[in-house]
Peer 1: 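Pasting a structure below so you can have a look.
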Amino acid sequence: MKLDLNIQPLSSWMKVTSEPLVIAGPCSAETEEQLVATAHLLAKTGKVSALRAGIWKPRTRPGEFEGIGSIGLEWLKRAKDETGLPTAVEVATAKHVEEALNAGVDILWVGARSTANPFTVQEIADALKGVDVPVMVKNPVNPDLSLWIGALERINNAGITKLAAIHRGFSSHEKSAFRNEPMWDLAISLKTHAPHLPLINDPSHITGNRDLIGYISQKALDLDMQGLMIESHIDPSVAWTDAKQQVTPNALVDIINHLALRKPEVKGTELKDKLAELRNQIDKIDDLVIQKMAERMKIVEQIGNYKKDNNITILQVNRWDEILQKGVNYGKALKLSPEFTEKLLELIHSESIRKQTEIMNKDQAGQAAEKLTHA
């Protein structure tokens with residue numbers, strides 16, 4: 001399903017200094033000197049198109065640094081006047097919106113915690129009615145595509161047509177190398193629903209580690225994201241917040257210089273023909289895979305009926321372990337990653353369980369429906 005968003009192209013409201021689009025600046029505006037000095041260094045790189053800084057910082061627990069507050073808007077204004085860089089800040093309330101706009105902030109963004117709360121998003125949307133300002137919406141903290149889409153729709157319904165999404169990763173209980181799991185499939189799904197919506201990646205919050213920013217940035221660009229939001233501080237070692245994920249302006253330049261820029265379109269008849277041929281091969285294999293899955297599920301239904309007739313439980317753990325081990329080993333031999341094979345088999349197994357459960361409970365479901373009809 002395509003989203004019916006009324007939006008303007010990114011190029012109509014964002015002047016890109018150099019490719020790729022980079023929005024950079026400190027996680028938090030700490031002092032006027034720190035913010036302005038960082039802005040000057042970023043502007044000198046010639047690679048940054050906008051200056052970001054946290055003015056109001058939502059914190060998990062009271063007593064932690066919650067941002068410098070409204071005074072930081074004056075520092076941003078000075079940084080803009082001296083460097084020419086457009087400014088961007090996060091807003092979480094109607095009052096934030098009002099103060100940011102009065103201070104001449106050029107771009108607003110809605111943070112992950114705010115996106116997760118429709119009441120908060122609606123308050124921000126109501127404050128934006130009648131205003132012509134670019135707004136970017138970060139994905140919610142939890143992996144919920146509907147919440148992300150809903151926030152974008154609320155902002156768009158308020159009349160904001162200069163709209164973009166920010167992919168900053170999702171909270172997960174699983175431990176990994178990242179602060180927030182990228183869950184690229186959700187970002188890809190958003191692009192599928194809204195192909196014309198600009199999508200900007202935030203590798204700083206995904207990684208939580210400056211050493212991984214280049215890796216995530218490259219992957220984001222390879223997935224045709226339209227830009228990067230990277231936290232940069234004049235001296236990350238003394239940063240008041242998120243020190244480990246911030247980079248110096250010089251380190252930012254090094255990261256950008258090592259990125260390979262690729263285009264989504266193919267130029268040249270020969271290249272297009274070759275790509276079309278390879279895609280045609282993939283389409284045929286995909287059709288065959290789906291066909292075989294349908295055939296497999298027919299057999300699953302037979303197994304379900306047999307288990308029902310003979311009072312056998314749906315799940316036999318030993319059988320599932322056997323399938324999983326055999327499949328993963330077979331996948332390794334065919335150069336497939338164990339993670340991919342395991343996820344694929346788990347998805348197939350889940351559908352098999354669903355079908356067998358449906359068969360097992362068919363009579364009970366019918367009896368329950370009949371009781372409800374006569375109730």
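Position 1 is the first residue of the sequence; numbering continues from there.
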Peer 1: Once you round to the nearest 0.5 Å, how far does CG of Leu145 lie from CZ of Phe170?
Peer 2: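 Nearest 0.5 Å value for the CG-CZ distance: 7.5 Å.
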Peer 1: Lys129: what forms a salt bridge (Lys or Arg N to Asp or Glu O under 4.0 Å) with it, not counting sequence neighbours?
Peer 2: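 Listed in chain order: Asp126.
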Peer 1: Specify the closest pair of heavy atoms between Glu342 and Leu324, including all atoms of both residues, with the distance to one decimal.
Peer 2: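 Looking at all heavy atoms of both residues, the shortest contact is CG-CD1, 3.8 Å.
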Peer 1: Side chains of Asp242 and Pro236, heavy atoms from C-beta outward: is any pair under 4.5 Å?
Peer 2: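 Result no, sub-4.5 Å side-chain heavy-atom pair not found.
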Peer 1: Taking Thr115 for its side chain and Lys138 for its backbone only, find out whether a donor-acceptor pair lies under 3.5 Å.
Peer 2: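 A pair under 3.5 Å: yes.
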Peer 1: Taking it one step at a time, do Ile255 and Leu228 satisfy side chain to side chain contact (heavy atoms under 4.5 Å, CB included)?
Peer 2: CA-CA 11 Å; Ile255 290 171; Leu228 305 167; over 6 Å; no
Peer 1: Would you say the side chain of Pro249 lies within less than 4.5 Å of the side chain of Lys44, judging by non-hydrogen atoms?
Peer 2: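 Answer no - side chains too far apart.
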Peer 1: Any salt bridge between Lys77 and Glu74, counting N to O under 4.0 Å?
Peer 2: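 The answer is no: the pair does not qualify as a salt bridge.
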Peer 1: Are Trp320 and Glu346 close enough that some pair of their side-chain heavy atoms sits under 4.5 Å apart?
Peer 2: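 Contact flag for Trp320/Glu346 side chains = yes.
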Peer 1: Search all heavy atoms of Thr87 against all heavy atoms of Asp106 and return the closest pair with its distance.
Peer 2: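 Closest pair (atom of Thr87, atom of Asp106, distance): N-OD2, 2.9 Å.
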Peer 1: Decide whether Trp109 and Ile7 are clustered together by the hydrophobic rule: side chain heavy atoms of Ile, Leu, Val, Met, Phe, Trp, Tyr closer than 4.5 Å, transitively.
Peer 2: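 Different hydrophobic clusters.
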Peer 1: Checking side-chain polar atoms at under 3.5 Å, does Asp235 have a donor or acceptor matched by the opposite partner on Ser237?
Peer 2: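 Judged by distance alone, the side chains do pair up.
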Peer 1: Between atom CG of Asn156 and atom CG of Leu3, what is the distance when rounded to the nearest 0.5 Å?
Peer 2: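 These two atoms lie 9.5 Å from each other.
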Peer 1: Hydrophobic clustering (ILVMFWY, side-chain heavy atoms < 4.5 Å, transitive) - are Val121 and Trp148 grouped together?
Peer 2: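 Cluster IDs for Trp148 and Val121 match.
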Peer 1: More than 12 heavy atoms of other residues, nucleotides or ligands under 6.0 Å from CD1 of Ile71: yes or no?
Peer 2: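 Count not over threshold, so no.
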Peer 1: Out of curiosity, does Val328 fall in the hydrophobic cluster containing Ile348 (side-chain heavy atoms, cut-off under 4.5 Å, transitive links)?
Peer 2: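 No, Ile348 does not connect to Val328 through the hydrophobic network.
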Peer 1: Show the nearest heavy-atom pair for residues Ser232 and Leu42, with the distance to one decimal.
Peer 2: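 Between these two residues, the closest heavy atoms are OG-CD2, 3.5 Å.
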Peer 1: Within a strict 4.5 Å, meaning less than it, do heavy atoms of the Arg262 and Leu221 side chains meet?
Peer 2: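 No. Closest side-chain heavy atoms not under 4.5 Å.
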Peer 1: Do Glu339 and Lys343 sit within salt-bridge range, that is, some charged N less than 4.0 Å from a carboxylate O?
Peer 2: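 Here Glu339 does not pair with Lys343 in a salt bridge, since their nearest N and O are not under 4.0 Å apart.
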Peer 1: Would you say the side-chain atoms of Ser28 pair up with the backbone N or O of Glu30, donor to acceptor, closer than 3.5 Å?
Peer 2: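 Not at all, since once roles are kept as given, no pair shorter than 3.5 Å links the two residues.
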Peer 1: Heavy atoms, side chains only, cut-off 4.5 Å: are Ser352 and Met297 in contact?
Peer 2: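 They are in side-chain contact.
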Peer 1: Using the rule that two of Ile, Leu, Val, Met, Phe, Trp, Tyr join whenever any of their side-chain heavy atoms come within less than 4.5 Å, decide whether Ile216 and Val141 are in one cluster.
Peer 2: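 In one cluster with Ile216: Val141, no.
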Peer 1: Using 0.5 Å steps for rounding, measure from the CG atom of Leu35 to the CD atom of Glu33.
Peer 2: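 The distance works out to 11.0 Å.
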Peer 1: Does this structure show an ion pair linking Arg52 with Glu231, if we count only N-O contacts that are shorter than 4.0 Å?
Peer 2: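 Looking at Glu231 together with Arg52, the answer is yes, because their closest N to O distance falls below 4.0 Å.
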Peer 1: Has Glu181 got a side-chain atom pairing as donor or acceptor with Phe178's backbone, closer than 3.5 angstrom?
Peer 2: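 Checked: no pair found.
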Peer 1: Decide whether Asn257 and Lys47 meet the rule of one side-chain donor and one side-chain acceptor closer than 3.5 Å.
Peer 2: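 A pair is found: one side chain offers a donor N or O, the other an acceptor, under 3.5 Å apart.
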Peer 1: Please walk me through it: do Leu101 and Leu108 pass side chain to side chain contact (heavy atoms under 4.5 Å, CB included)?
Peer 2: CA-CA 9 Å; Leu101 293 177; Leu108 308 180; 4.2 Å; yes
Peer 1: With rounding to the nearest 0.5 Å, note down the distance linking CD1 in Ile188 to NZ in Lys191.
Peer 2: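 Output value for this atom pair is 9.0 Å.
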Peer 1: Consider only side-chain N and O atoms of Thr120 and Arg113, and report whether a donor and an acceptor are under 3.5 Å apart.
Peer 2: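 No, Arg113 and Thr120 have no side-chain donor paired with an acceptor closer than 3.5 Å.
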Peer 1: Could you check if a side-chain atom of Ser70 sits within less than 4.5 angstrom of a side-chain atom of Ile55, using non-hydrogen atoms only?
Peer 2: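 No; the side chains remain at least 4.5 Å from each other.
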Peer 1: Is Asp283 atom CG crowded by more than 12 heavy atoms from other residues, nucleotides or ligands, each under 6.0 Å away?
Peer 2: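 Yes.
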Peer 1: Among residues two or more places apart or on two chains, list those pairs meeting ring-ring contact (aromatic ring centres under 6.0 Å, His included) that have a residue in residues 194-220.
Peer 2: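 Output for this query is empty, none listed.
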Peer 1: Show your working on salt bridge (charged side-chain N to carboxylate O under 4.0 Å, His left out) between Arg78 and Glu82 and close with a plain yes or no.
Peer 2: CA-CA 6 Å; Arg78 178 187 160 193; Glu82 294 184 10; 2.7 Å; yes
Peer 1: Measure the acute angle between the ring planes of His96 and Trp56, then classify it against the limits of 30° and 60° as parallel, tilted or perpendicular.
Peer 2: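 His96 and Trp56: parallel rings.
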Peer 1: Looking at every heavy atom in both Ala116 and Asn142, which two are closest together, and how far apart are they?
Peer 2: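 Distance-wise, the nearest heavy atoms are CB-OD1, 4.0 Å.
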Peer 1: Taking atom types as modelled, is there a side-chain donor on Thr161 or Gln8 under 3.5 Å from an acceptor on the other?
Peer 2: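 Looking only at side-chain atoms, Gln8 and Thr161 do form a donor-acceptor pair, the distance falling under 3.5 Å.
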Peer 1: Take a 6.0 Å sphere around CD of Gln281 and say whether it holds more than 12 heavy atoms from other residues, nucleotides or ligands.
Peer 2: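 Yes, CD of Gln281 has more than 12 neighbouring heavy atoms, counting only those of other groups under 6.0 Å.
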Peer 1: In terms of hydrophobic clustering (I, L, V, M, F, W, Y; side-chain heavy atoms under 4.5 Å; direct or indirect links), are Val105 and Leu163 co-clustered?
Peer 2: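 Yes, because Val105 and Leu163 connect within a single hydrophobic cluster, where side-chain heavy atoms sit under 4.5 Å apart.
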Peer 1: Should Glu295 and Lys292 count as an ion pair when the cut-off is N to O under 4.0 Å?
Peer 2: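 Looking at Lys292 together with Glu295, the answer is yes, because their closest N to O distance falls below 4.0 Å.
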Peer 1: Looking at Ile200, is its backbone amide N or carbonyl O close enough to the side chain of Gln226 to form a donor-acceptor pair, meaning the two atoms are under 3.5 Å apart?
Peer 2: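 Looks like no, no N/O pair under 3.5 Å.
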Peer 1: Working to the nearest 0.5 angstrom, can you tell me the gap between Asn305 CG and Asp309 CG?
Peer 2: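 If I round to the nearest 0.5 Å, the distance is 6.5 Å.
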Peer 1: When you measure from the side chain of Asn157 to the backbone of Glu153, do you find a donor-acceptor pair of N or O atoms at a distance under 3.5 Å?
Peer 2: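 Such a contact is found between Asn157 side chain and Glu153 backbone.
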Peer 1: Taking side chain as C-beta onward, heavy atoms only, is Val48 less than 4.5 Å from Thr17?
Peer 2: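 Sidechains of Thr17 and Val48: no contact.
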Peer 1: CG of Asn201 to CD1 of Ile206: how many Å apart, nearest 0.5 Å?
Peer 2: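 It comes to 4.0 Å.
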Peer 1: A side-chain contact here means heavy atoms from C-beta on lying under 4.5 Å apart; do Met14 and Ile23 qualify?
Peer 2: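 Yes. Closest side-chain heavy atoms under 4.5 Å.
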Peer 1: Can you list the steps and then say if Asn180 with Asp202 is a side chain to side chain contact (heavy atoms under 4.5 Å, CB included)?
Peer 2: CA-CA 11 Å; Asn180 294 293; Asp202 178 351; over 6 Å; no
Peer 1: Of the non-hydrogen atoms in Pro86 and Ser49, which two are nearest, and what is the gap between them?
Peer 2: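 Nearest heavy atoms, Pro86 then Ser49: CD-O, 3.2 Å.
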Peer 1: Decide whether Asp222 and Gln218 meet the rule of one side-chain donor and one side-chain acceptor closer than 3.5 Å.
Peer 2: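 Per modelled atom types, Asp222 and Gln218 side chains form a pair under 3.5 Å.
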Peer 1: Verify the neighbour count for atom NZ of Lys2: are there more than 12 heavy atoms of other residues, nucleotides or ligands below 6.0 Å?
Peer 2: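 Count over threshold, so yes.
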Peer 1: Under 3.5 Å, is there a donor on one side chain and an acceptor on the other for Asn139 and His167?
Peer 2: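 His167 and Asn139 do not have a side-chain donor-acceptor pair below 3.5 Å.
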Peer 1: Using every non-hydrogen atom in the two residues, find where Val89 and Ala53 come nearest and quote the distance to one decimal.
Peer 2: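 In this case the closest contact between Val89 and Ala53 is CG1-O, 3.6 Å.
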Peer 1: State which residues pass side chain to side chain donor-acceptor pair (under 3.5 Å) with Glu123; sequence neighbours excluded, sorted by chain then number.
Peer 2: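 By the side chain to side chain donor-acceptor pair (under 3.5 Å) rule, Glu123 matches no residue at all.
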